[in-house]
Amino acid sequence: MAERTIHTGVTSLRRSPLAGLAERMRAAAVTGARGVTLTELPFLTMVNVRVDPASKAAGRIGTALGAPLPRRCGGTAASGPRTVLWLGPDEWLVLSRSDEAAALREALGPDPGSVVDVSANRTTLELSGPSARQVLEKGCPLDLHPRAFGPGRAVSTTVGPVAVLLWQVDDAPTYRLLPRSSFAGYLGRWIVDAMSEFSGPEVP
């Protein structure tokens, strides 16, 4: 009981990288046909997995996740509360609301590879609404037109001067941006500034 109380107390002291910017992000929200909102999804579990995709260990990890590891650049796979994002030919990031590392280490077993909890390394921003793509296009070099980038795609890129993992979740469109925690405040302010023009009438 004492151990659980200590753990709960420590957890309650956590402060997300964008906690100080939360009110500013709420105030920047735009509604209507040109709507766009920005929120933080803090404290997601993030587990970095490296393994030979052709190995039996990769198969076991896919079974533990409930979905095979994506094999193509930009690919994602989802199963229940978990989403797996492709990072490289032998590297993935597993996102979840629960602890996944122990089960994935067990699935890896003695085979070559690694399973590392990197949850403290990044935070997650969610940008959503009819104008979300236009906001990103102000500072992202990717072609974000639906013909080139759509739901279920996730790639490493930059937004403004900040390196992020950019994942499009749905057609709203909703995007999730995963920057390093130390750059999250800068990115949040950059996006809030980029959103500001959409609060006024569209210029012909």
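Below, each value reflects all heavy atoms present in this structure, side chains not excepted, and no hydrogens, waters or symmetry copies. Quick caveat, the model's predicted, so the values are computed rather than measured.
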May I have the step-by-step check of side-chain contact (heavy atoms from CB on, under 4.5 Å) for Leu178 and Met46, ending in yes or no?
-> CA-CA 10 Å; Leu178 285 69; Met46 303 185 191; 4.0 Å; yes

About how many Å separate CG of Leu44 and CZ of Arg97, when rounded to the nearest 0.5 Å?
-> 4.5 Å

Which pairs would a plain distance check flag for residues 57-73, meaning a side-chain donor or acceptor within less than 3.5 Å of a matching protein atom at least two apart in sequence or in another chain?
from  : atom 1 : to     : atom 2 : distance (Å)
Arg60 : NE     : Ala107 : O      : 2.7
Arg60 : NH2    : Ala107 : O      : 3.3
Arg60 : NH2    : Leu108 : O      : 3.0
Arg60 : NH2    : Asp111 : OD2    : 3.1
Thr63 : OG1    : Gly59  : O      : 3.0

What are the two closest non-hydrogen atoms of Thr157 and Cys140, and how far apart are they?
-> OG1-SG, 3.8 Å

Apply the test side-chain contact (heavy atoms from CB on, under 4.5 Å) to residues Trp86 and Trp92: give CA-CA distance (whole Å), side-chain angles for both, the deciding distance (0.1 Å), then the verdict.
-> CA-CA 5 Å; Trp86 186 95; Trp92 297 266; 3.8 Å; yes

Main-chain N/O of Arg153 paired to Thr76 side chain as donor or acceptor, under 3.5 Å | no

Any side-chain donor-acceptor pair under 3.5 Å between Glu100 and Ser98?
-> yes

What is the distance from atom OG1 of Thr123 to atom CZ of Phe183, rounded to the nearest 0.5 Å?
-> 14.5 Å

Heavy-atom distance under 4.5 Å between the side chains of Tyr175 and Leu166, does that happen here?
-> yes

Using the rule that two of Ile, Leu, Val, Met, Phe, Trp, Tyr join whenever any of their side-chain heavy atoms come within less than 4.5 Å, decide whether Leu18 and Val164 are in one cluster.
-> yes

Using the side-chain contact (heavy atoms from CB on, under 4.5 Å) rule, take Thr37 and Val30 through it: C-alpha gap first, then chi angles, then the decisive distance, then the call.
-> CA-CA 6 Å; Thr37 61; Val30 179; over 6 Å; no

Side-chain donor/acceptor of Ser16 to backbone N/O of Ala19, under 3.5 Å | yes

Is the side chain of Asp99 donor-acceptor paired with the backbone N or O of Ala101 at a distance under 3.5 Å, no angle test?
-> yes

For residues Pro179 and Tyr186, determine if any side-chain heavy atom of one lies less than 4.5 Å from a side-chain heavy atom of the other.
-> no

Out of curiosity, does Leu41 fall in the hydrophobic cluster containing Leu125 (side-chain heavy atoms, cut-off under 4.5 Å, transitive links)?
-> no

Taking the side chain from Ser96 and the backbone from Arg82, do they hold a donor-acceptor pair closer than 3.5 Å?
-> no

Locate the shortest heavy-atom distance separating Leu38 from Gly188; write the atom from each residue and the value.
-> CD2-O, 4.0 Å

Passes side-chain contact (heavy atoms from CB on, under 4.5 Å), Arg122 versus Leu165? Steps please.
-> CA-CA 10 Å; Arg122 301 176 187 261; Leu165 185 57; 4.0 Å; yes

Measure the OG-CG distance between Ser114 and Asp90 for me, rounded to the nearest 0.5 Å.
-> 8.5 Å

Heavy-atom side-chain proximity of Thr83 to Leu93 below 4.5 angstrom | no

Separation between CG of Asp117 and CG of Leu104, rounded to the nearest 0.5 Å = 10.0 Å

Does Glu40 come within less than 4.0 Å of Arg176, counting only side-chain N to carboxylate O?
-> no

Do any N or O atoms from the side chain of Gln168 and from the backbone of Asp170 form a donor-acceptor pair under 3.5 angstrom?
-> yes

Side chains of Val47 and Val116 in contact at under 4.5 Å (non-hydrogen atoms) = no

Establish whether Trp190 and Leu127 are linked, either directly or via other cluster members, by ILVMFWY side-chain heavy-atom contacts under 4.5 Å.
-> yes

Charged tip of Arg14 within 45° of Phe43 ring normal and under 6.0 Å | yes

Separation of Thr158 OG1 from Leu177 CG (nearest 0.5 Å) | 11.0 Å

Under a 4.5 Å cut-off applied to non-hydrogen side-chain atoms, are Pro42 and Thr124 in contact?
-> no

Going hydrophobic residue to hydrophobic residue with side-chain gaps under 4.5 angstrom, can you get from Leu95 over to Val84?
-> no

Mind listing the closest non-hydrogen atom pair of Ser128 and Thr174 along with its distance?
-> OG-OG1, 2.8 Å

Which atom of Pro130 lies closest to which atom of Ala33, heavy atoms considered | CB-O, 3.2 Å

Count the heavy atoms of every other residue, nucleotide or ligand shown that sit under 6.0 Å from NZ of Lys138, and state whether that count exceeds 12.
-> yes

Nearest 0.5 Å, what's the CZ-CE distance between Arg189 and Met25?
-> 10.0 Å

State, with a plain yes or no, whether a side-chain heavy atom of Leu136 is found less than 4.5 Å away from one of Leu142.
-> no

Between Gly74 and Val155, what is the shortest heavy-atom contact and its length?
-> CA-CG1, 3.8 Å

Determine whether Arg133 and His145 make a side-chain contact, defined as any pair of heavy atoms from C-beta on separated by less than 4.5 Å.
-> yes

State yes or no: do Val169 and Ile191 share one hydrophobic cluster built from I, L, V, M, F, W and Y residues joined by side-chain heavy-atom distances below 4.5 Å, directly or via other members?
-> no

Hey, are the side chains of Arg180 and Asn121 touching, using non-hydrogen atoms and a 4.5 Å cut-off?
-> yes

